Amino acid sequence: MLQIEKKNCFVELGKFLAQFSFAKNTKDETVLHNDLFFDSFVELIELSQSHNGWFTPEQVYFAIKSWATALEINNLNHWLSKYDLTNVNSKTVALVLAGNIPLVGFHDFLCVLISGHKVVIKTSSNDQHLIKFLANYLKTANSDFENLIKFTDGKLENFDAVIATGSNNTARYFEYYFQNKPNIIRKNRNSIAILNGSETQEDLINLGEDIFRYFGLGCRNVSKLFVPKGYDFKSFFQAIYAYKDIIYYEKYSNNYDYNKAVFLMSNFKLLDNEFLTLKEDTSYASPISSVFYEYYDDLATLKMRLTNDHEQIQCIVTNLDMPSAIAFGQTQSPKLWDYADNVDTLAFLAKI
């Protein structure tokens, strides 16, 4: 199966996904295989929350919309233009996927197939339905995918390389178990925002998107703020009030109540607006419904700190002059060439 054929199938998949939005699903009669997949995909989206309580329809639709955009032909062409995949020796690549946000493993899935390899997938129990559905769409679009895509519930066997994503604890297991295979092992990372007080109201509202999208469960969600000494959080709290309705979601509310209680029983000083707590803390990983903050004296020292801690950081959100800075509101809308942990997955797959 030629790469251009695979690319065309992913473009068709993108067109299929573009029909679905939280506001309204609109069937496009020009989209292939709608008779087989449209209605059942709507049903799956609505059922996703029963499979994983964090996968509300709004969050699932957001992930679908993001992938519909990513799979547009111009984005695929731009992404692939820097790689020479013509002489790739096809092998079988195992994927051990996370399940913290909807379709979080789809980028690895796409990379393996578009680079010319076969894929065997072990999904997370928290996100095992959506990616299988999209795989079935591809198999219908081109039957050659039947021989390229395999899912397994048991032990991974008969593979040549592996990409595995998990916690810091499971990563140690992965590193030992897969030590004799070419691999990419991903661990916990968190995203940060650096403020200096000159941010506009729009910037801070957009920062709320970086914090609250997917309820803060993704490694690209901002979980830590760096602010200058004397920073006034009033504007920040005014801006993120736009996200106040998040507290009405029971699972989030339960986490808010629990984590706030734990902090207060430990006599920690908190800033609180009744749906988010801010706690001064040097750690990067804050619990759901909380964001840590830390004061900085000067940017040069902070840059050095972040360079030393780069293996703990996924995204840096700021308007300031920082390497690889991301604009406010954009952390959960990565491009195809925005690789997790800054490890070029396609370059890895081209060399195995």
Side-chain angles (χ1 to χ4, degrees), residues 21-23 44-66 98-104 124-130 167 188-193 201 204-225 227 233-281 283-294 314-315 317 328-329 331-333:
S21 86
F22 185 60
L44 176 58
I45 294 167
E46 296 302 319
L47 286 173
S48 289
Q49 193 170 347
S50 66
H51 300 144
N52 181 333
W54 293 108
F55 285 13
T56 63
E58 180 180 1
Q59 305 300 344
V60 175
Y61 276 116
F62 182 89
I64 290 168
K65 180 181 179 181
S66 297
N100 50 322
I101 65 175
L103 291 171
V104 67
S124 165
S125 59
N126 291 325
D127 185 19
Q128 57 182 315
H129 301 284
L130 291 166
S167 67
N188 285 345
R189 291 205 180 205
N190 296 93
S191 296
I192 66 167
Q201 184 82 347
L204 296 176
I205 291 172
N206 288 337
L207 176 58
E209 172 71 15
D210 298 323
I211 293 170
F212 295 111
R213 175 60 59 191
Y214 302 127
F215 302 104
L217 288 165
C219 64
R220 299 182 68 90
N221 284 106
V222 169
S223 58
K224 174 75 174 277
L225 305 177
V227 296
F233 283 97
K234 181 179 179 181
S235 295
F236 170 80
F237 277 121
Q238 287 176 339
I240 67 165
Y241 188 70
Y243 302 88
K244 65 185 184 302
D245 288 348
I246 197 171
I247 198 64
Y248 298 121
Y249 182 61
E250 185 177 9
K251 287 179 73 68
Y252 182 91
S253 178
N254 290 342
N255 275 268
Y256 169 81
D257 291 338
Y258 173 80
N259 290 317
K260 180 178 176 180
V262 169
F263 289 153
L264 292 176
M265 285 189 294
S266 301
N267 293 318
F268 290 125
K269 183 182 178 181
L270 297 178
L271 301 174
D272 179 24
N273 69 348
E274 302 302 324
F275 65 88
L276 180 75
T277 58
L278 293 183
K279 175 179 176 288
E280 187 173 0
D281 199 299
S283 300
Y284 291 106
S286 62
I288 296 170
S289 77
S290 181
V291 168
F292 292 160
Y293 69 93
E294 190 174 343
Q314 192 69 260
C315 303
V317 181
F328 291 104
T331 62
Q332 293 298 349
S333 300

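Since the structure is predicted, the reported quantities are computational estimates derived from the model, not experimental observations. These numbers come from the heavy atoms of this one structure, side chains and all, not from hydrogens, waters or symmetry mates.
- A cation-pi arrangement is found for K224 relative to Y284, the charged atom lying closer than 6.0 Å to the ring centre and inside a 45° cone about the ring normal.
- For F275, the ring-ring contact (aromatic ring centres under 6.0 Å, His included) test picks out F212, with sequence neighbours left out.
- Across all non-hydrogen atoms, the minimal contact from F263 to P287 is CZ-CG, 3.8 Å.
- For V104 against D127, the heavy-atom pair with the smallest separation is N-OD2, 3.9 Å.
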Please output the side-chain donor-acceptor pairs of residues 238-248 that fall under 3.5 Å, not counting sequence neighbours, one pair per line with the distance.
| unit_1 | atom_1 | unit_2 | atom_2 | d |
| --- | --- | --- | --- | --- |
| Y243 | OH | I205 | O | 2.5 |
| Y243 | OH | E209 | N | 3.1 |

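- The closest donor-acceptor contact from the side chain of S223 to the backbone of A285 lies at 3.5 Å or more, if one exists at all.
- S289 approaches N259 most closely through the heavy-atom pair OG-ND2, 3.9 Å.
- Using a 4.5 Å heavy-atom threshold, the side chains of K65 and S21 count as separate.
- Ring orientation note: the planes of F233 and F237 are tilted relative to one another, at an angle of 30° to 60°.
- Contact between P102 and Q59 at its shortest, heavy atoms only, is CG-O, 4.2 Å.
- Under the 4.5 Å side-chain criterion, counting only non-hydrogen atoms from C-beta, D210 is not in contact with S191.
- No hydrogens or angles considered: nothing links the side chains of S66 and S333 as a donor-acceptor pair under 3.5 Å.
- The minimum heavy-atom distance linking V222 with V291 is given by the pair O-CG2, 4.1 Å.
- To the nearest 0.5 Å, atom CD1 of residue I101 and atom CZ of residue R213 are 10.5 Å apart.
- A 4.5 Å side-chain heavy-atom check between H129 and L47 finds every atom pair outside the cut-off.
- Side chain of Q314 to main chain of R220: no donor-acceptor pair is present (N/O by atom type, distance under 3.5 Å, no hydrogens or angles).
- Residues L271 and F236 are not in side-chain contact: their nearest non-hydrogen atoms beyond the backbone lie 4.5 Å or more apart.
- Nearest heavy atoms, L130 versus S48: CD2-OG, 4.0 Å.
- Side chain of N100 to backbone of L217: a donor-acceptor contact under 3.5 angstrom is found.
- Between Y256 and D272 the shortest side-chain heavy-atom distance falls below 4.5 Å.
- Because its NZ or CZ atom is not both nearer than 6.0 Å to the ring centre of F215 and within 45° of the ring axis, K251 does not count as a cation-pi partner of that residue.
- When the shell of 6.0 Å around CD of E250 is examined, it contains 12 or fewer heavy atoms from other residues, nucleotides or ligands.
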Hey, mind stepping through K279 and K260 against side-chain contact (heavy atoms from CB on, under 4.5 Å) and telling me if it holds?
CA-CA 10 Å; K279 175 179 176 288; K260 180 178 176 180; over 6 Å; no
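- Atom CG of residue L276 and atom OG of residue S290 lie 6.5 Å apart, to the nearest 0.5 angstrom.
- In this structure, CD1 in I288 is found 15.0 Å from OH in Y214, a value given to the nearest 0.5 Å.
- One finds no salt bridge joining K269 and E280 here, because no Lys/Arg side-chain nitrogen approaches an Asp/Glu carboxylate oxygen to under 4.0 Å.
- Separating the CZ atom in F62 from the OG1 atom in T56 is a distance of 12.0 Å, to the nearest 0.5 Å.
- Considering CD1 of I192 and OG1 of T331, their distance stands at 12.0 Å, rounded to 0.5 Å.
- Side-chain N or O atoms of N126 include none that pairs as donor or acceptor with a backbone N or O of A98 at under 3.5 Å.
- With S266 contributing its side chain and F268 its backbone, the two residues share no donor-acceptor pair below 3.5 Å.
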